[in-house]
Amino acid sequence: METLIRLTAALSIFGVMVFWEYLKPRRILPVERLVRWPINLGLAAINMLMMRLTVGSAAYLAAVDAEENHWGILNLINLPDSLNIIISLLILDFAIYWQHVLSHKWPLLWRLHQVHHCDLAFDATTAVRFHPLEILFSMFYKVAFIYLIGADAFAVILFEIILNGAATFNHSNISIPESLDKKLRFLIVTPDMHRIHHSTIKTETDSNYGFSITCWDRLCSTYKAQPKYSQEQMPIGLDCYRDKKELGFLNLCLMPFRAPSK
Ligand SMILES: [Zn+2]
């Protein structure tokens, strides 16, 4: 049931964003959808199948297990449910911010994360373009935090839905009026903000790590408001991978095991 809720939410948000991209695109995509989409969606399908067959519900089950055994800080103190959920959501989101920073700074994790970053374009399918090993690592990382803080089980399901929805939204190639984008950024990560993180310019890639809310980047001084070049013109991807022939499905799967970029 928990998997069905997450899957329905993810597919619905993905459908809405793709339709929005079709109606109001932000940039002309440099690589045809027919080339990129089978690769990105192929990785998503493998990841989904792998999680279904292995540890797909591990985060939720960890929260239930932690509660039953009174493990984790929040299970040791008696807070109202609503406060418990809010604190769980905030800590998990901050943990994911740091996982993302770590994925850029730690060479071993960068080998996995570069699969996401070498996409030559930026749209809703980029949000699901992850190497299966990075998805597995992310799940174990989350489980460790859930046990440590004793995250609420309902908050964990909510967090997975929000994280997935926010990632699909902020990777979308959609046009949002500048004034609205500015207002939204007080709280949430917009596509114009996250696109900067996908720039080929290193100082821009090393910014805007947040997925859902903008406060972590502001607090940790990694927030960048605008790219060097315009949103329409800024180059996307990694300098070391510019040839789309090198970025086929098999090469992406093998990328972490080859010489690292950067
Ligand atoms: Zn990144």
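Count residues from 1 along the sequence. Indexing begins at 1, ligand by ligand and atom by atom, following the structure's order.
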Near-ring test Tyr209/His104, centroid separation under 6.0 angstrom: yes
The Zn ion (ligand 1) to nearest N/O/S of His198 less than 2.8 Å: no
The Zn ion (ligand 1) to nearest N/O/S of His116 below 2.8 Å: no
Apex the Zn ion (ligand 1) - arms NE2 from His104 and NE2 from His117 - angle rounded to 10°: 90°
Rounded to 10 degrees, the angle NE2 of His113 makes with NE2 of His197 at the Zn ion (ligand 1): 180°
Side-chain donor-acceptor contact under 3.5 Å, His197 with Glu204: no
Expected output: side-chain Arg195 to main-chain Phe122 donor-acceptor under 3.5 Å: no
Under the side chain to side chain donor-acceptor pair (under 3.5 Å) test, residues paired with Asp123 that sit two or more places apart: Arg36, Trp37, Thr125
